[in-house]
Amino acid sequence: MSQSLRERYDERIAGVLSCYDRVVITGTVPVICYAEGMTRFLHARGIRIFDFPHFAQTLRDDVRDRAASLAAEAGVRIEHIARSHIRKEDVVARVLAERGDHPGLVHILSAMEACDSYRPWHDKATGRTFVRPDSGKCLHYYFYFMDAELGLIYLRVPTWVPFRLQFYCNGHGWLARAMAAEGIGYTMADNSFVRIDDWQRAQALADALSPDLLHRILDGYAELCCPVSGVFGQSYHWSLMQVEYATDLAFRSTTTLGPLYEQLIRKTVLSVKAEQVASFLGRHITPQLAQEIGSQFSTRIEGTCVKHRFGKSSIKMYDKAGIVLRIETTTNDVSFFKHHRKVEHRNGPPTRELACVKKSIYSLVDLREILLGCNRRYLAHLSALDDFSAGVRALGRLTRPHTAGGKTVRGINFFAPADKYLLQALQNPRVNIAGVRRADLFADLGETFSPAQLSRQLRRLMDLGVIKRVVGTYRYYLTKAGRAATAAAARLTEAHHHSGFDLMGFFDARSVKS
């Protein structure tokens, strides 16, 4: 049976950890985050629409004064970044190298950047005066803190209405603090763990990241750095803007990961197709698809990376410090994913159904399992690539007759049209997401099999160990052996097509040796 990467390299892997990595959150004041709401607020306060710029300037001065006050209290200066090529992370890293990682304000950066805004407007046709959406540039402050619980974070604060905030934290930084609090030893390289004394406990801590904790921390920094929410009588609403979830396989030596990583990168670039990218991310490709989908191989300062994109979501593989293999799913729109949840309706009671993930920070709990599932599907694909020899061994077994229930079951002939078409249908990436029913297969194979014949073929594949059926359902999945064998057959038949390789002779020879 085909083994996973974890099983195959078990003695050479120090541990496996799945954890949120980069998390970017936006904060909005609901009552004034859209033009109509801002107009109503101004009317309610008795502020003339064309006095809006003066009103906004007063709040801008409050934010500037708060930034100056925080800088003076912490003994730091506000450093202005005038050139776009200067990386803020590099500036802060130099400061951290001098000050250390004790909690508190680390640095304040300022920069002129694009922002949303409003513009007073009078509509002569209707006689209405209101503010309408506009855009421009304003001064932004980046408040970098070393938080006692989250590690290094920043809060980006614009100096102009509607004061849309941006918050950044890293799940690995939070986990490092949590492990230190419990006395669990670890070693980090960049933002990955190369050593953890108790991997199982570390995983339990990583799974315990609480949206309630995050909400409390967010509210605290918003009140500290942006003293305007009280003016509007509402606290900030926090939404997920970008989320990364990483699964790390920490190897004990670079001599093991190095050759393996080169092999996986090379095979992945050549083998992954659009349908597989969709299946990794739990989606189907439909004729109505209007999102970009594809793969990209890139060389970075840190090393190489292969990235598969589908709209605003992606999954990628790269190595960290030459000793950690990282699989990471990233999304810039969490509503890309769907799950079963309670759905409110304007008319009628709420129902539980399949719906898009909400953008609220409280979706982090459900999103963890969804993104972990993406990483696991990708790892399963890598396992099939890496275990080509196991796939060939499985092919040898499946092509020979088997005995099941006192009857002889004919082996698979990968070149016979009926077997070939059936296995191709089962290899469709959508089967890995939710399985497949006989009716689904019949829609593709109706010209090859009758319903009764298709039922007998499925029974035969179950007896051979190619597929399995989930108890209590009529959905079929490829087994590990089935995935490995069909993947190997696809590669070998492709090689046979291009080079004249005698595949059947190869199987015959293996059967004799067996």
Side-chain angles (χ1 to χ4, degrees), residues 4-7 9-23 25 89 92-93 96-97 99-104 106 144-154 167-218 220-221 243-257 302 317-329 361 364-373 375-376 379:
S4 68
L5 285 175
R6 172 68 187 274
E7 293 169 334
Y9 296 94
D10 184 55
E11 293 184 356
R12 287 168 282 180
I13 292 178
V16 178
L17 180 74
S18 295
C19 178
Y20 278 113
D21 192 49
R22 179 182 176 87
V23 178
I25 297 168
E89 295 84 353
V92 174
L96 281 171
R99 80 179 285 279
D101 62 354
H102 57 271
V106 174
Y144 284 85
F145 289 89
M146 186 60 71
D147 184 78
E149 293 175 279
L150 294 180
L152 183 65
I153 63 99
Y154 76 69
F167 178 87
Y168 159 85
C169 66
N170 191 291
H172 288 93
W174 170 82
L175 181 57
R177 297 270 170 167
M179 288 195 295
E182 292 214 0
I184 301 174
Y186 64 88
T187 302
M188 294 190 77
D190 191 12
N191 68 331
S192 61
F193 297 97
V194 297
R195 178 189 66 85
I196 297 178
D197 289 347
D198 188 340
W199 289 91
Q200 186 174 358
R201 180 57 185 153
Q203 186 62 67
L205 289 172
D207 294 341
L209 178 60
S210 166
D212 290 320
L213 166 69
L214 198 55
H215 199 161
R216 175 176 58 79
I217 293 174
L218 287 165
Y221 282 116
V243 177
E244 294 178 347
Y245 193 84
T247 296
D248 289 353
L249 280 70
F251 285 76
R252 299 185 187 277
S253 169
T254 57
T255 58
T256 300
L257 178 57
E302 301 88 346
M317 172 178 65
Y318 56 101
D319 68 319
K320 303 283 291 185
I323 201 168
V324 174
L325 177 66
R326 172 166 290 182
I327 309 302
E328 185 173 82
T329 299
I361 59 171
L364 284 171
V365 175
D366 293 324
L367 199 59
R368 179 190 302 118
E369 292 301 316
I370 295 171
L371 300 183
L372 177 59
N375 292 350
R376 283 174 172 167
L379 279 169

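When reading the values below, keep in mind they use all heavy atoms of this one structure, side chains included, and skip hydrogens, waters and symmetry mates.
- Counting only heavy atoms from C-beta outward, the side chains of Val16 and Trp199 never approach each other to under 4.5 Å.
- Taking CD1 from Ile217 and CG from Asp147, the interatomic distance works out to 4.5 Å, rounded to the nearest 0.5 Å.
- Under the 4.5 Å side-chain criterion, counting only non-hydrogen atoms from C-beta, Thr247 is not in contact with Leu17.
- Residues meeting the salt bridge (Lys or Arg N to Asp or Glu O under 4.0 Å) test with Glu369, sequence neighbours left out: none.
- Across all non-hydrogen atoms, the minimal contact from Ser192 to Val324 is OG-CG2, 4.2 Å.
- Across Leu150 and Cys169, no two heavy atoms sit closer than the pair CD1-CB, 4.3 Å.
- Legend: residues meeting side-chain hydrogen bond (donor to acceptor under 3.5 Å, both in side chains) with Thr255, ordered by chain and number and at least two apart, are Ser253.
- Ile196 places none of its side-chain heavy atoms less than 4.5 Å from the side chain of Thr187.
- Minimum heavy-atom separation, Ala176 to Met188: CB-SD, 3.9 Å.
- Judged as a salt bridge (Lys or Arg N to Asp or Glu O under 4.0 Å), and not counting sequence neighbours, the contacts of Glu328 are Lys316, Arg326.
- For the side-chain hydrogen bond (donor to acceptor under 3.5 Å, both in side chains) test, residues two or more places apart in sequence or in another chain that qualify with Tyr154 are Gln166.
- Here CD of Gln200 is found 10.5 Å from CD1 of Ile184. Values are rounded to the nearest 0.5 Å.
- For Asp10, the side-chain contact (heavy atoms from CB on, under 4.5 Å) test picks out Arg6, with sequence neighbours left out.
- Separating the SG atom in Cys19 from the CG atom in Leu209 is a distance of 8.0 Å, to the nearest 0.5 Å.
- In terms of the side-chain hydrogen bond (donor to acceptor under 3.5 Å, both in side chains) criterion, Tyr144 has no residue partners (sequence neighbours excluded).
- Proximity of Asn170 to Asp21: side-chain heavy atoms (C-beta onward) are separated by under 4.5 Å at one or more points.
- Qualifying side-chain contact (heavy atoms from CB on, under 4.5 Å) partners for Arg252, counting only residues two or more places apart in sequence or in other chains: Ala14.
- In this pair, Tyr20 and Tyr245 present their aromatic rings perpendicular. The plane angle is above 60°, beyond the 30 to 60° band.
- For residues 169-180, no pair satisfies salt bridge (Lys or Arg N to Asp or Glu O under 4.0 Å), with sequence neighbours left out.
- With sequence neighbours excluded, the residues satisfying side-chain contact (heavy atoms from CB on, under 4.5 Å) with Val365 are Pro211, Arg368.
- In this structure, the side chains of His172 and Trp174 stay at 4.5 Å or more apart for every pair of heavy atoms.
- Considering CD1 of Ile153 and CZ of Phe145, their distance stands at 6.0 Å, rounded to 0.5 Å.
- Nearest heavy-atom pair across Val194 and Ala189 is CG1-CB, 3.9 Å.
- Residues Phe193 and Leu175 meet the side-chain proximity criterion, which asks for heavy atoms closer than 4.5 Å.
- Atoms OG1 and CD, from Thr329 and Glu244 in turn, are 10.0 Å apart once rounded to the nearest 0.5 Å.
- Arg12 meets the salt bridge (Lys or Arg N to Asp or Glu O under 4.0 Å) test with no other residue; sequence neighbours excluded.
- Contact annotation: the side chain of Ile13 never approaches that of Leu5 to less than 4.5 Å [non-hydrogen atoms, C-beta and beyond].
- Rounding to the nearest 0.5 Å places CG of Leu249 at 9.0 Å from CG of Leu257.
- With respect to the salt-bridge test (charged N to carboxylate O, under 4.0 angstrom), the residues Asp190 and Lys320 qualify.
- Residue-environment remark: CD (Glu11) stays at or below the threshold of 12 foreign heavy atoms within 6.0 Å.
- Legend: salt bridge (Lys or Arg N to Asp or Glu O under 4.0 Å) pairs involving residues 196-210, not counting sequence neighbours, sorted by first then second residue: Glu182-Arg201, Arg195-Asp197.
- Looking at residues two or more places apart in sequence or on another chain, you find no ring-ring contact (aromatic ring centres under 6.0 Å, His included) involving Phe251.
- Residues Leu152 and Met146 approach most closely at N-SD, 3.5 Å, considering heavy atoms.
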